[in-house]
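All values below were derived from every heavy atom in this structure, side-chain atoms included, with hydrogens, water molecules and symmetry-related copies excluded. We name chains A, B, ... by the order of the sequence lines, and we start the count at 1 in each one.
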Amino acid sequence: MDFIRTIVAEDNRTKKWNGEVITRFPPEPNGFLHIGHAKSFCLNFGIAAENEGGRCHLRFDDTNPVKEEARYVESIQEDVRWMGWDWNEHLYYASDYFDQMYGYAVQLINKGLAYVCDLNAEMMREYRGTLTAPGKDSPYRNRSIEESLDLFSRMKEGEFKDGHCVLRGRIDMSSPNLNMRDPVMYRILHAEHHRTGNKWCIYPTYDWAHGLEDSIEGVTHSICTLEFENHRPLYDWYLDKLEVHHPQQIEFARLELTYTVMSKRKLLQLVEEELVKGWDDPRLPTISGMRRRGYSPESIREFCRRIGVNKFNSTIDIALLEHCVREDLNKTSNRVMAVLRPLRVVIDNYPEEQEEWMDAVNNPEEPEAGTRKVPFSKVFYIEQEDFMEDPPKKFFRLAPGREVRLRYAYFVTCTDVVKDDNGQIVELHCSYDPDTRGGNSPDGRKVKSTIHWVSEAHALRAEVRLYDHLFTKEHPEDTAEGEDFKVNLSPESLKTLSDCMIEPCLKDARPLDRFQFERLGYFCVDADTTKEKIVFNRTVTLRDTWAKIQKTGQKK
RNA sequence: UACCCGGUAGUGUAAUGGCAACACUAGAGAUUUUGAUUCUCUCAUUGGAGGUUCGAGUCCUCCCCGGGUAACCA
């Protein structure tokens, strides 16, 4: 059990919150959700689900109209729901509390704990001091309560321009915690809000708003990321001074993954500079990108469960994520044969017009998935990399004079290699053994490998998009002076193959359908699919021992 | 240089003061009509130095290292 669940369990035991467990996931609708957010909402919704009567609110922290948009509100709901979580009727918006927050601000002014300050942003920075030097009091700090009250209401009424003045908490300008040096509670922003329209021209800042949102909703455990640790004294201060329901803020480390970036700012940059194709580009760690790539919600949830929760920054090896998808897809995806880089093969001793429909198992891990028929004929395609004219010792696949098994079909032996004028192999000729139908040899002879194939006459054409890590470096932020993370973008993150051959059973495949292409990996139908052309995204390759052998061979 | 937080295999997460465990990765082997899956095996004295204790990853002290913080962002 992680340290947060330990706290929750202990609170339940001592009846600190009368046995209630209320958490919340409070995204700002200024971008798409990524797997780092998944870690957070799986934690929050997970804890709520694990506790009798517990609940988790989905709350949009929409306190900054200049960055937020309704389309993000929609995508966030879609993503959380797709991941399998349900907030029931507990969908909230910080903007719904603006009136209440205003009232609380007036209370603080009345207590002499907040004041309107006319210092401009630059001056305020100067007065704030530095990490090592204390700040000094604003000249407006001792303004009378009446005057602040008057000014604050005029701020709200729109009498002042943006930046003319702010409402600040009156705390301690010499606090070693910069957050406590009279923090800004309200700023003037004549901006249209995606929900409240032009009702407001003052907007609460995060620190002021967030604790109130939690408090108003009766949240018990307010779980956030580590960078808010320094803000906790302020979170506590506001709620203490207001003497209202006071949830416990608990911080945990945000998720970092190798070979990718997670900050919204960087993701936004990749999207806006068109270095990827939108927020749902399958190379991005966004939920929508991963969905499009073929990740299942179950695999992402399992990943979030396995990485645990901690209080220090760590970077998870993306191999763990890949392991989680493979593990889930291995159990759930139907197998199918597809040839990505086709090499034509003719069986010389197979009857010209004959076709046979072979029995194939849909999913060896799931007997209930049943079987299907796969058409076989004289001419078919195999993978280019499944043939070598001059094979090294450890290569088990097809080679001149060598016999291999065509999965679910026959044993074939390569008898001839046809090349074009450039010496490129364009076609293979084979002979087959009619007694090995289905792939069994009555005489018990063995072959060293089984390869996949697709009958030429029956094949469907497809485009397949192969994805690799978005960045070439484990830590894309590691760059030389003056360079930024984008120099580490991988030129090989996407390879598109447009002449792939797939089994006819895929003709009715729909976007988001997932399959295992035998011996290749897991693939997912893309939304770009049309009646003429099916498009697949490669989610992840199968584990590939042969590729490893080749790699170590190259090193030697 | 101030304050806050944190350091356990390559990576990540465990261990009422009582034999450092699990997963991923990597390597070796077995099985296999997917070089997949599955199965077996291998890989550490917990940042350092003291101290308390019969006994310390765990408690105390000092040191070292890493992260965060100076938006009218969240």
Side-chain angles (χ1 to χ4, degrees), chain A residues 1-2 26-28 30 61-64 66-68 117 119-121 124-125 128-135 162-168 175-181 183-189 202-203 205-207 209-210 224-233 251 253 258 264-265 305-324 326-327 330-331 335 337 360-361 364-365 394-397 404-409 411 436 438-441 446-452 474 516-521 541-549 552:
Chain A
M1 190 156 65
D2 61 70
E28 183 190 14
N30 67 345
D61 204 359
D62 52 354
T63 58
N64 186 0
V66 305
K67 287 189 177 176
E68 296 152 9
C117 179
L119 249 28
N120 62 33
M124 204 183 294
R125 210 173 303 130
R128 187 159 36 228
T130 66
L131 291 174
T132 49
D162 287 6
H164 182 270
C165 55
V166 296
L167 183 73
R168 305 176 72 177
S175 170
N177 184 337
L178 289 280
N179 296 123
M180 301 299 274
R181 321 244 259 229
V184 172
M185 295 163 62
Y186 276 96
R187 74 278 208 189
I188 300 171
L189 242 37
I202 57 171
Y203 290 92
T205 56
Y206 170 86
D207 286 310
H210 205 86
C224 61
T225 45
L226 244 34
E227 68 270 25
F228 295 108
E229 219 161 14
N230 292 327
H231 296 241
R232 190 177 352 119
E251 310 85 12
T258 55
K264 266 193 198 174
R265 209 196 86 246
R305 193 188 66 75
R306 287 203 199 189
I307 58 177
V309 185
N310 51 264
K311 286 205 66 153
F312 51 92
N313 299 309
S314 57
T315 305
I316 311 277
D317 191 338
I318 199 157
L320 179 61
L321 214 210
E322 291 169 350
H323 172 263
C324 290
R326 288 190 184 109
E327 184 181 54
N330 176 49
K331 288 189 215 119
R335 270 117 249 232
M337 290 196 283
V361 174
E365 308 291 324
K394 288 181 176 173
F395 184 84
F396 302 149
R397 281 108 96 143
V404 298
R405 171 167 37 231
L406 295 176
R407 177 139 237 224
Y408 300 127
F411 281 18
T436 57
N440 301 299
S441 56
K446 299 260 192 275
V447 287
K448 280 184 118 175
S449 80
T450 300
I451 63 176
H452 62 275
E474 275 194 32
Q516 183 196 102
F517 288 177
E518 293 224 18
R519 305 208 302 131
L520 297 174
T541 61
L542 253 31
R543 279 188 60 201
D544 192 346
T545 314
W546 170 237
K548 267 179 207 163
I549 292 169
T552 54

Check your understanding: How would you label the contact of A/Leu542 with the nucleic acid (heavy atoms, under 4.0 Å): base, sugar-phosphate, or nothing?
Key ->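 Base, at least one base heavy atom under 4.0 Å.
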Exercise for review: Please work out if A/Glu251 contacts a base, only the sugar-phosphate, or nothing of the nucleic acid, heavy-atom cut-off 4.0 Å.
Suggested key: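 Answer is nothing: A/Glu251 stays at 4.0 Å or more from every strand.
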Among [options], the one nearest [X] by side-chain distance:
X        : options             : value
A/Lys311 : B/G27, B/A74, B/G6  : B/G6
A/Pro176 : B/U37, B/A2, B/U25  : B/A2
A/Ser314 : B/U13, B/C24, B/G35 : B/U13
A/Met124 : B/A23, B/A74, B/C72 : B/C72

Please report the shortest heavy-atom distance between [X] and [Y], naming the atom on each side.
X        : Y        : value
A/Glu28  : A/Lys264 : O-NZ, 3.2 Å
A/Arg181 : A/Thr130 : NH2-O, 2.7 Å
A/Glu68  : A/Asn30  : CG-CB, 4.3 Å

Point to revise | Residue met sooner reading RNA chain B from 5', once A/Trp546 and A/Thr132 are mapped to nucleotides | key: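 By nearest-heavy-atom nucleotide position, the 5'-most residue is A/Thr132.
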Point to revise | Residue mapping more 5' on RNA chain B - nearest nucleotide basis, A/Lys548 or A/Asn177 | key: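 Its nearest nucleotide lies further toward 5', so the answer is A/Asn177.
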Atom [atom1], compared across [N] and [M]: separation rounded to whole Å:
N     : M     : atom1 : answer
B/C72 : B/G6  : P     : 28 Å
B/A9  : B/G67 : C1'   : 22 Å
B/C3  : B/A21 : P     : 39 Å
B/G17 : B/C59 : P     : 8 Å

Check your understanding: Ignoring hydrogens and angles, does a donor from either the side chain of A/Glu229 or the base of B/U69 sit under 3.5 Å from an acceptor on the other?
Key ->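 There is none.
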Exercise for review: Please confirm whether any donor atom in the side chain of A/Arg335 sits under 3.5 Å from an acceptor in the base of B/U34, or the reverse.
Suggested key: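 Answer yes: a donor N or O sits under 3.5 Å from an acceptor.
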Determine: side-chain N/O of [X] to OP1/OP2 of [N], distance under 4.0 Å, yes or no.
X        : N     : value
A/Arg125 : B/A71 : yes
A/Arg543 : B/U37 : yes
A/Arg128 : B/A71 : yes
A/Arg397 : B/U34 : no

**Study point:** Of A/Thr541, A/Ile451, A/Asp544, the residue whose pairing with A/Arg519 passes side chain to side chain contact (heavy atoms under 4.5 Å, CB included)
**Key:**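 Checked A/Thr541, A/Ile451, A/Asp544 against A/Arg519; only one passes side chain to side chain contact (heavy atoms under 4.5 Å, CB included): A/Ile451.
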Check your understanding: Do we see A/Phe312 stacking on the base of B/G66, given a limit of 5.5 Å between centres and 30° between planes?
Key ->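 Base of B/G66: not stacked against A/Phe312.
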